[in-house]
Amino acid sequence: MTIRFGAQVRLGPGDRKRLTLLIDQDPGEIVSFVQLQALMQRHRKRFPGVSEDAEFIRWLMDREWNRLEPGSGYRG
């Protein structure tokens with residue numbers, strides 16, 4: 001389960017695994033939503049263009065961000 005406290009975050013094992021599969025590397029030590037957002041934006045840029053594959057990967061990244069972002073109501 002991912003733990004949140006204010007602007008801080010600690011990724012749970014399941015969330016870390018999903019992000020690892022999505023970005024094709026371990027996300028490392030993420031301790032804030034600012035770091036998480038920067039990570040997602042950086043990897044989102046790896047898939048430019050309008051191909052179906054690129055659109056799908058960006059959609060998956062947006063889905064993960066929306067699930068984990070502050071105020072999303074995510075409980076684990």
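Small disclaimer: the values here were computed from a predicted structure and weren't measured. Just so you know, residue 1 is the first one in the sequence shown, and it goes up from there.
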Minimal non-hydrogen separation, Leu22 against Ile57, with atom names: CD1-O, 4.5 Å
Heavy atoms from other residues, nucleotides or ligands near CZ of Arg63 exceed 12 (cutoff 6.0 Å): no
Sub-4.5 Å side-chain heavy-atom contact between Ile23 and Arg42: no
Common cluster, Leu36/Trp59, ILVMFWY with side-chain heavy-atom separation under 4.5 Å: yes
Straight-line distance of Asp24 CG to Leu19 CG, nearest 0.5 Å: 12.5 Å
Shortest non-hydrogen contact from Ala54 toward Gly49: CB-O, 4.2 Å
Exam field: side chain Arg67 to backbone Asp62, donor-acceptor pair closer than 3.5 Å: no
Side chains of Trp65 and Arg44 in contact at under 4.5 Å (non-hydrogen atoms): no
Where Gly28 and Arg16 come nearest, the two heavy atoms and their spacing: O-NH1, 2.8 Å
Arg10 atom CZ, over 12 foreign heavy atoms within 6.0 Å: no
Side-chain heavy-atom pair His43, Leu39 within 4.5 angstrom cut-off: yes
Verify same cluster id: Val31, Val9 (apolar side-chain graph, 4.5 Å): no
CD/Glu52: more than 12 non-hydrogen atoms of other groups inside 6.0 Å: no
Spatial distance of atom CE (Met40) from atom CZ (Arg58) [nearest 0.5 Å]: 13.0 Å
